[in-house]
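Written below as structure tokens is the structure these notes are about.
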Protein chains: 2
Amino acid sequence: MEYNTQPLEYFIESCRKNNLKVTPQRMAIFQALVQDGSHPNPEIIYNRVRAKHPTISFATVYKTLETFEKFGLITRVTRLHDTVRYDPEIEPHHHIICVKCRKVINLFDEGLNNLPVPREVTSSNHVVDYSVHFNVVCEDCNN
Amino acid sequence: MEYNTQPLEYFIESCRKNNLKVTPQRMAIFQALVQDGSHPNPEIIYNRVRAKHPTISFATVYKTLETFEKFGLITRVTRLHDTVRYDPEIEPHHHIICVKCRKVINLFDEGLNNLPVPREVTSSNHVVDYSVHFNVVCEDCNN
DNA sequence: TTTCCACAGAATAATCATTATCGTCTACTT
DNA sequence: AAGTAGACGATAATGATTATTCTGTGGAAA
């Protein structure tokens, strides 16, 4: 179990490279994220950070995480978290997702439908389905 | 371009099988979803349906879509739409997502990191990255 | 050193998406 | 005819996120 994939020194270095100031709050937010592999949401991070910085505000957490993501210091699991997106397609398929305009296009591909599922996945979980998310910048957004 | 993957007759049949009443509103909601491949959110569907059913309410649209999904008539692109989930991992990796408790676990797998990306994806898009989402019921939720 | 300025942070309001509640209606049972 | 469950509409409530505004601070420039 190795969570500390991004040691603090690397984080600080990355901030410097991007002209981001390294503040105690930012370090705390980053550490709250790195401390485990739980993919926390802003609320959880906020609560963790409050232990050491009781006056920090929600907005700061949101803005900081957004900034980190913008500069590639962290990622988000999916970029489609703003609203539910429905699909009438119920057969196995995959998705092309434009990270700018959030357009979603279905992708049907036999090869992708038959990926070898790692044992790590099947060993302790019941797999419902899977789908490959291609995060792209689409033609329309590329101009 | 083939969107009508689920003709209306099949929809009606599926409703009957699941003891769901087939109402004009439900047909309209389903057709608003099937009419194109745009993966609309509830707001868009609401606006489309209002053309024929001006008195329909937002709540009905939400509840109906939820019902459809529950019975497997439609799907959602991702089940992590309720809140942003951050990840300190910036190297290519994949996700195991429990559809019940929404736990997310990173998955590192060389094979999955080197999938052949279909030409359909690369031809008109700039691929930022991709990630395989395994939707599962995790050990904890399986009891 | 002093002044200036941009960024960072805190507090708070506002917005947007979603869910819950409640009353009504209707088809179907008893 | 009365009862019941599901469906619908109206609306309130909640929860997540974003915007706004003000204050502070550290370093660049004078």
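So you know, we letter chains A, B, ... as the sequences are listed, proteins then strands, and number each from 1. Computed over heavy atoms, backbone and side chain alike; hydrogens, waters and symmetry mates excluded.
Regarding A:R102, its CZ atom lies at a distance of 13 Å from the C1' atom of C:dA17, rounded to whole Å. A:I45 has its CD1 atom 14 Å from the P atom of C:dG9, to the nearest Å. For the pair B:K21 NZ and C:dC28 C1', the interatomic distance rounds to 7 Å; values are reported in whole Å. Rounded to an integer number of Å, the gap from A:N47 CG to D:dG15 P is 14 Å. Distance, B:M27 CE to D:dA7 C1': 15 Å, rounded to whole Å. A:E43 has its CD atom 15 Å from the P atom of D:dT14, to the nearest Å. Taking atom CG on A:L20 and atom C1' on D:dG27, their separation rounds to 16 Å, with Å as the unit. Distance, B:H53 NE2 to D:dA10 C1': 18 Å, rounded to whole Å.
Under the 4.5 Å side-chain heavy-atom criterion for grouping Ile, Leu, Val, Met, Phe, Trp and Tyr, B:F108 is not connected to B:V132 through any hydrophobic cluster.
Look at A:T83 and you won't find any side-chain N or O under 4.0 angstrom from OP1 or OP2 of C:dC16. Considering only side-chain N and O atoms, A:Y62 lies nowhere under 4.0 angstrom from the phosphate OP1 or OP2 of D:dT18. For the pair B:T55 and D:dG9, the criterion of a side-chain N or O lying under 4.0 Å from OP1 or OP2 is met.
Proximity note for A:K63 (side chain, C-beta onward) versus C:dT19, D:dC8, D:dT20: the nearest is D:dT20. If you check C:dA17, C:dA10, D:dA16 against the side chain of A:T60, the one that comes closest is C:dA10. Counting only heavy atoms from C-beta on, A:V84 has its side chain closest to C:dT18 among C:dG9, C:dT18, C:dT21. In this structure, of C:dG9, D:dT17, C:dT18, it is C:dT18 that holds the atom nearest to the side chain of B:P42. Distances were taken from every side-chain heavy atom of A:I56 (C-beta onward) to each of C:dA10, C:dA8, C:dA17; the shortest belongs to C:dA10. Closest approach to the A:A59 side chain among C:dT12, D:dA10, C:dA17 is made by C:dT12 (side chain taken as heavy atoms from C-beta onward).
Checking A:E66 against B:F58, the closest nucleotide of DNA chain D that is more toward the 5' end is the one next to B:F58. Mapping A:T67 and B:H81 onto DNA chain C by nearest heavy atom places A:T67 closer to the 5' end of the strand.
Side-chain atoms of A:H53 do not come within 3.5 Å of backbone N or O of A:A51 as any donor-acceptor pair. With hydrogens and angles disregarded, no donor-acceptor distance shorter than 3.5 Å links the side chain of A:T83 to the backbone of B:P42. No donor-acceptor pair closer than 3.5 Å links the side chain of B:Y86 to the backbone N or O of A:V77.
Using a 4.0 Å cut-off between charged nitrogen and carboxylate oxygen, A:E66 and A:K70 do not count as a salt-bridge pair.
Within 4.0 Å of A:D82, counting heavy atoms only, lie sugar-phosphate atoms of the nucleic acid but no base atom.
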